[in-house]
Amino acid sequence: MYYAGSHQNPLETWRYLRTLKATLEIDVFNEFKSEVTRCIFPYVITEHGYKRSLASRDQSEVWRQIRQIVGILQEEGVDSFANSGTLLGLIREGSLLPHDDDADLGILIPGDDLEQVVSNIMKLFIALARRGMISAWHVENGCKHIALKNEVPLDLFPAWILNGQLYTYPHGVIEPEKVHPLSLFDIQGQSIPIPNNSESFLELCYGKDWRTPDDTYSYPWARAEEYFAAYNAEFDRQMALNIQEILTSVNS
């Protein structure tokens with residue numbers, strides 16, 4: 001509790017909470033976790049540190065900003081949709097997840113092969129950098145997605161169709177018709193694009209138990225990195241070729 005209350009050792013504290021959940025009776029754990037949540041509000045603890053929760057922000061403003069990013073992406077010729085925790089919140093809770101600290105959008109990237117797909121991701125990187133929306137830190141640290149510099153933290157995760165399958169990083173492969181054409185979810189006065197079959201998409205993301213809340217969930221990144229090894233390699237290759245132009249655009 002001391003670590004959490006003083007915002008120290010986030011990864012160690014996160015792992016300790018997961019260990020407690022596996023060993024304590026669920027009612028006892030939930031009572032303890034609620035006390036931790038109360039102590040650190042408006043922050044939440046994640047694998048990446050102590051972050052301000054989306055639930056502590058003005059909800060209508062969060063959705064307005066998400067919809068604004070959707071509009072900017074449309075201006076750049078890219079369709080997007082609520083992804084990962086943002087989609088899970090919409091479909092399961094009808095709101096933002098109380099323990100989430102950022103928003104997630106999938107971006108549908110065109111291309112006839114993986115090289116062309118990643119080339120189009122790089123072009124979007126540069127276009128958003130020129131708009132002042134990209135953090136140099138994320139570029140230099142080799143993130144395989146686009147992390148936007150925004151009041152409400154927001155990550156863009158690429159998706160693309162090859163050989164009749166829709167690849168959605170980092171989750172896996174799904175039938176294209178379960179995602180596109182996109183549907184709309186109306187919330188707080190905003191229309192947020194979502195996959196055509198959100199339930200199937202969430203099962204791909206989180207497994208069959210996606211309807212059961214788990215605020216200590218840890219994404220299996222090792223599995224995702226292995227599955228998307230070819231994408232990661234092509235991303236790294238093209239990032240090395242484009243990084244100076246991206247950083248110049250970031251700093252312009």
Side-chain angles (χ1 to χ4, degrees), residues 66 68-84 86-87 103-131 133-136 138-150 154-184 192-198 200-205 219 221 223-250:
I66 292 173
Q68 183 179 47
I69 298 299
V70 169
I72 290 172
L73 292 168
Q74 287 176 327
E75 291 174 10
E76 298 295 342
V78 173
D79 287 336
S80 61
F81 57 91
N83 193 4
S84 303
T86 301
L87 179 65
D104 303 297
L105 290 176
I107 48 175
L108 294 166
I109 304 295
D112 295 328
D113 54 37
L114 191 57
E115 181 178 1
Q116 193 174 88
V117 167
V118 176
S119 176
N120 287 329
I121 293 173
M122 294 297 149
K123 290 175 183 176
L124 181 62
F125 239 126
I126 293 167
L128 295 177
R130 288 174 177 162
R131 287 177 177 258
M133 298 174 64
I134 299 293
S135 166
H138 287 96
V139 176
E140 292 168 338
N141 282 272
C143 291
K144 302 301 190 296
H145 62 280
I146 303 177
L148 297 185
K149 188 168 58 176
N150 191 54
L154 194 150
D155 292 337
L156 305 179
F157 291 94
W160 59 93
I161 297 175
L162 290 178
N163 303 317
Q165 297 280 6
L166 190 145
Y167 294 78
T168 174
Y169 179 82
H171 302 303
V173 176
I174 193 170
E175 297 92 330
E177 61 271 16
K178 290 184 176 178
V179 176
H180 204 270
L182 298 171
S183 300
L184 291 174
I192 306 299
I194 61 173
N196 190 38
N197 186 330
S198 291
S200 293
F201 191 87
L202 286 168
E203 185 171 327
L204 172 68
C205 295
Y219 194 80
W221 280 103
R223 183 191 69 188
E225 294 303 302
E226 180 179 354
Y227 189 86
F228 283 95
Y231 164 75
N232 290 337
E234 183 61 23
F235 187 99
D236 287 341
R237 185 186 75 82
Q238 292 200 36
M239 178 59 80
L241 296 174
N242 288 278
I243 190 167
Q244 289 306 316
E245 184 176 0
I246 293 174
L247 290 176
T248 297
S249 299
V250 166

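Counting from 1, the numbers follow the sequence of the chain as shown. For the numbers below, each heavy atom of this structure counts, side chains included, while hydrogens, waters and symmetry mates do not.
- If you look at Phe228 and Phe235, their ring centroids are not closer than 6.0 Å.
- Side-chain contact between Leu87 and Ile194 is present, with heavy atoms from C-beta onward closer than 4.5 Å.
- For the atom pair CG of Leu247 and CG of Asn242, the computed distance is 10.5 Å after rounding to the nearest 0.5 Å.
- Contact of the Val70 side chain with the Pro193 side chain is registered, since non-hydrogen atoms from C-beta on lie closer than 4.5 Å.
- When atom types are taken as modelled, the side chain of Ser119 and the backbone of Glu115 share no donor-acceptor pair closer than 3.5 angstrom.
- Evaluation of the side chain to side chain contact (heavy atoms under 4.5 Å, CB included) rule for Arg131 yields Ile72, Glu75, Glu76, Leu128, Met133 as partners, not counting sequence neighbours.
- Classification of Arg130 and Glu245 as a salt-bridged pair holds, one side-chain N sitting under 4.0 Å from a carboxylate O.
- Lys178 meets the salt bridge (charged side-chain N to carboxylate O under 4.0 Å, His left out) test with Glu175; sequence neighbours excluded.
- Separation of atoms CG (Leu204) and CG (Leu166) is listed at 9.5 Å; rounding is to 0.5 Å.
- Residues in residues 223-233 take part in these side-chain hydrogen bond (donor to acceptor under 3.5 Å, both in side chains) pairs, two or more places apart or across chains: Tyr169-Glu225, Glu225-Asn232.
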Does the pair Leu156 and Ser80 meet the rule for a side-chain contact (heavy atoms from CB on, under 4.5 Å), with working shown?
CA-CA 9 Å; Leu156 305 179; Ser80 61; 5.9 Å; no

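- Side-chain atoms of Thr86 do not come within 3.5 Å of backbone N or O of Ala103 as any donor-acceptor pair.
- Distance CG/Leu73 to CG/Leu124: 6.0 Å, rounded to 0.5 Å.
- Between Leu114 and Tyr167, every side-chain heavy-atom pair lies at or beyond the 4.5 Å cut-off.
- Closest of all the heavy-atom pairs between Leu202 and Ser84 is CD2-O, 4.2 Å.
- For Asn196 (side chain) and Glu177 (main-chain N/O), a donor-acceptor pair under 3.5 Å exists by modelled atom type.
- Residues Val117 and Glu234 have side chains not in contact (no heavy-atom distance under 4.5 Å, counting atoms from C-beta outward).
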For Lys123 and Ile126: C-alpha separation, side-chain torsions, deciding distance, then whether side-chain contact (heavy atoms from CB on, under 4.5 Å) applies.
CA-CA 5 Å; Lys123 290 175 183 176; Ile126 293 167; 5.9 Å; no

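- Across all their heavy atoms, Cys205 and Asn83 have their closest contact at SG-OD1, 4.3 Å.
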Should Ser249 and Ile134 be marked as a side-chain contact (heavy atoms from CB on, under 4.5 Å) after you check the CA-CA gap, both sets of side-chain angles, and the distance that decides it?
CA-CA 9 Å; Ser249 299; Ile134 299 293; over 6 Å; no

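- With Val78 as reference, Ile107 is the one residue of Leu105, Ile121, Leu108, Ile107 to meet the side chain to side chain contact (heavy atoms under 4.5 Å, CB included) rule.
- The line from CG of Asp113 to CG of Asn163 is 10.0 Å long, rounded to the nearest 0.5 Å.
- In this structure, OG on Ser183 lies 13.5 Å from CD1 on Ile192, to the nearest 0.5 angstrom.
- Residue Leu241 holds its CG atom at 10.0 Å from CD1 of Ile246, rounded to the nearest 0.5 Å.
- Heavy-atom minimum distance, Pro176 versus Gly164: CD-O, 3.4 Å.
- The minimum heavy-atom distance between Pro170 and Tyr219, with the atom names listed, is O-OH, 3.1 Å.
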One pair to check against side-chain contact (heavy atoms from CB on, under 4.5 Å): His180 and Phe81. What are the steps and the verdict?
CA-CA 10 Å; His180 204 270; Phe81 57 91; over 6 Å; no

